[in-house]
Amino acid sequence: MSSSGLLSQVPLPAFSTGNDRSKLLMAGAGLLAVFLYKLVERRNNDGRPPMLKYWIPWLGSAIELGKNPDGIFARATAQLGPIFRIKAAGQDFTYVTSPELISAIYRESKIFEFVPIRMDMAYKIFDVAREVNEDPVMTEDLFKTHHAKLSPKNVGEIHKRYGGFTYESIQIALDNSSDTPITKLSPFLKPAAYDAALYAFFGKSYDARASYQPFIDFDNGFPLLQAGAPKFLLKKTLAGRDQLTEITKRYLTGPHSDCSDFVSSIEEIANEAKWPLKDVANIFITDVWAMQANAINVAYWVIALQLMTPDGLKPLIDEVDAIRNAWKESHPGIQDDTRCRWIMESTFPLLTSTIQEVLRISSQIFSIRLVKEPTTFAGYEFRAGESIICATRAVHMDEEIHSNPREYVPERYLDGAKFTKNGRPVPNHTMGFGGGVSMCEGRHFAWGELRIFVALLLTLANIELDSSSSERPKFMWSRVGLGIMPPDGDLSIRVTKRIL
Ligand code: HEM
């Protein structure tokens with residue numbers, strides 16, 4: 001049917017009588033535009049997941065996605081089912097929100113890949129040269145060694161190093177705040193957690209203190225960098241990254257025999273491949289970002305969310321004290337020179353459940369996979385090169401799986417808690433580390449790191465809410481898709497050394 005034919009079928013509005021022809025023409029043109037738009041939209045949707053309706057071209061649903069991701073995913077799932085497309089800022093991505101479909105994507109790792117995304121990020125975000133990225137040594141050697149050195153078999157050595165450094169870093173934080181017992185939680189906790197992790201991997205030859213602010217500047221601009229923002233908006237971000245590169249280059253060219261086996265193994269591979277120093281430094285910066293961007297925020301939220309409960313930190317302190325005393329009694333006369341043997345050799349049911357709850361409630365992760373070849377999935381067609389995003393938070397916020405999902409419930413995962421939907425178990429109920437073969441490689445380190453950090457902090461410090469301040473931190477929703485949301489705002493706290 002021609003467009004004029006269609007127009008002739010449209011009932012004429014009341015103002016079309018007499019000389020109001022221009023209004024009629026405008027109304028007709030409007031209807032024609034809507035018709036053509038719908039036609040194109042339908043054709044584009046052929047065989048593809050449905051698109052969430054939007055009204056502003058190019059911008060699409062970007063504003064709602066940035067402001068209220070939980071709301072938009074719940075609304076889209078209710079309207080369109082667990083697989084749909086959202087248009088935002090010119091980009092059109094498919095999102096998957098059900099645990100079954102997410103798990104099916106993770107299982108099909110030969111079709112839905114992560115490695116090309118990891119390499120693209122190394123190039124675009126961390127400035128690792130294309131030639132280095134595409135050198136087969138990268139995937140065949142470096143990635144494999146990276147994976148092996150972070151496996152449960154090898155990670156214990158890094159934890160031991162981490163224990164000693166954490167003890168020192170917390171003492172320094174306590175000394176620094178001894179003159180001002182009222183302080184903010186972020187500047188008290190985050191630098192200590194940052195330094196300890198960096199030293200555990202790189203040794204004290206790495207200038208952790210000099211790298212902290214550049215890291216923060218780089219990390220703050222990460223969402224803009226990832227979105228491909230123009231350079232003039234990225235001045236601070238890129239300056240932070242350049243400073244990190246320089247600090248890491250200095251580290252690599254200076255003596256650093258105090259580094260972990262993880263660092264020396266990666267460095268050996270890079271040196272044998274004769275990659276330029278700048279690129280080797282930037283490969284290590286990808287590690288620094290992966291190891292710091294999320295874990296220090298989890299540590300922050302464990303303390304902050306717990307302080308905001310009526311019991312404060314007491315339930316966690318009681319557990320930590322009881323375990324430390326029991327360990328001491330069963331190991332008389334044994335000097336725990338790593339400062340964390342008693343933690344590594346014990347289980348902490350409440351602390352573990354608390355960390356898992358923080359991973360559930362504060363993570364906002366888009367676990368992306370790239371479609372390798374044309375494929376049909378969940379009844380829809382996908383082209384090679386398309387991205388599919390596993391919106392893991394939608395599972396975390398599904399009230400059928402987690403009752404009162406918006407509430408922080410530290411005991412949620414205690415006593416072998418089971419999670420179900422439609423009467424069926426949901427094994428992947430909590431996916432703070434993603435899933436499948438590309439699940440976070442650092443998760444074994446991160447779990448031990450968080451237990452050690454929190455247990456030592458609660459052993460060494462008294463931390464209380466400052467009752468004169470009503471400021472409370474919120475999640476920074478604008479970090480959509482990027483991991484653990486940092487705090488927006490902070491908590492005022494009173495810190496003193498704990499006399500044991
Ligand atoms: C609480 C802390 C952490 C969180 C929440 C976290 C989260 C994640 C997530 C969601 C992914 C993507 C996984 C997927 O899409 O399935 C990832 C990947 C990765 N993470 Fe972590 N991460 C944390 C700590 C660490 C640490 C400490 C390291 C290193 C020491 C690390 C290294 C990596 C690496 C190398 C990958 C890429 C894995 C691959 O390509 O197969 N992460 N992480």
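Numbers here simply count residues along the sequence, with the first being 1. Whatever order the structure lists them in is the order used to number ligands and atoms, beginning at 1.
An N or O contact shorter than 3.5 Å links Gly435 to ligand 1 by distance. Considering both main-chain and side-chain atoms, Arg443 never comes within under 3.5 Å of ligand 1 through any nitrogen or oxygen pair. By the 3.5 Å distance cut-off applied to N or O atoms, Ser367 is counted among the residues near ligand 1.
A centroid separation of 6.0 Å or more is found between the aromatic rings of Trp301 and Tyr408. In this structure, Phe284 has its ring center at least 6.0 angstrom away from the ring center of Phe201. In this structure, Phe262 has its ring center at least 6.0 angstrom away from the ring center of Phe202. Between Phe445 and His159, the ring center distance clears the sub-6.0 Å criterion.
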Exercise. Passes salt bridge (Lys or Arg N to Asp or Glu O under 4.0 Å), Glu319 versus Arg324? Steps please.
Worked result: CA-CA 9 Å; Glu319 182 180 77; Arg324 196 183 61 255; over 6 Å; no

Problem set entry | Stepwise salt bridge (Lys or Arg N to Asp or Glu O under 4.0 Å) check, Lys421 with Asp398 | CA-CA 9 Å; Lys421 188 173 168 83; Asp398 183 330; 2.6 Å; yes

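Under a 4.0 angstrom heavy-atom cut-off, Asp287 registers as lying outside contact with ligand 1. The closest approach between Ala295 and ligand 1 falls below 4.0 Å for a heavy atom of the residue. Heavy atoms of Gly432 approach ligand 1 to within less than 4.0 angstrom.
Residue contacts with ligand 1, taken as heavy atom pairs separated by less than 4.0 Å, involve Arg369 solely via side-chain atoms from C-beta onward.
Here the closest non-hydrogen pair linking Arg341 and Thr338 is N-OG1, 3.4 Å.
Of the protein's heavy atoms, Cys440 CA, 3.7 Å lies nearest to atom 19 (C) of ligand 1. Considering only non-hydrogen protein atoms, atom 36 (C) of ligand 1 sits nearest to Glu441 N, 4.0 Å.
Residue Glu157 is tested with Lys160, Arg161, Lys153 for a salt bridge (charged side-chain N to carboxylate O under 4.0 Å, His left out); the sole match is Lys160.
Below 4.0 Å from some heavy atom of Ser438 lie the following atoms of ligand 1, by number and element: 13 (C), 14 (C), 16 (O), 38 (C), 39 (C), 41 (O). Short contacts between ligand 1 and Phe201, defined as distances under 4.0 Å to a heavy atom of the residue, involve ligand atoms 30 (C). Near Ile365, meaning under 4.0 Å from any of its heavy atoms, are these atoms of ligand 1: 10 (C). For ligand 1, the atoms sitting less than 4.0 Å from at least one non-hydrogen atom of Val298 are 1 (C), numbered in the order shown with element in parentheses.
Ring geometry, Tyr95 versus Phe366: the interplanar angle exceeds 60°, so the pair is classed perpendicular (tilted spans 30 to 60°).
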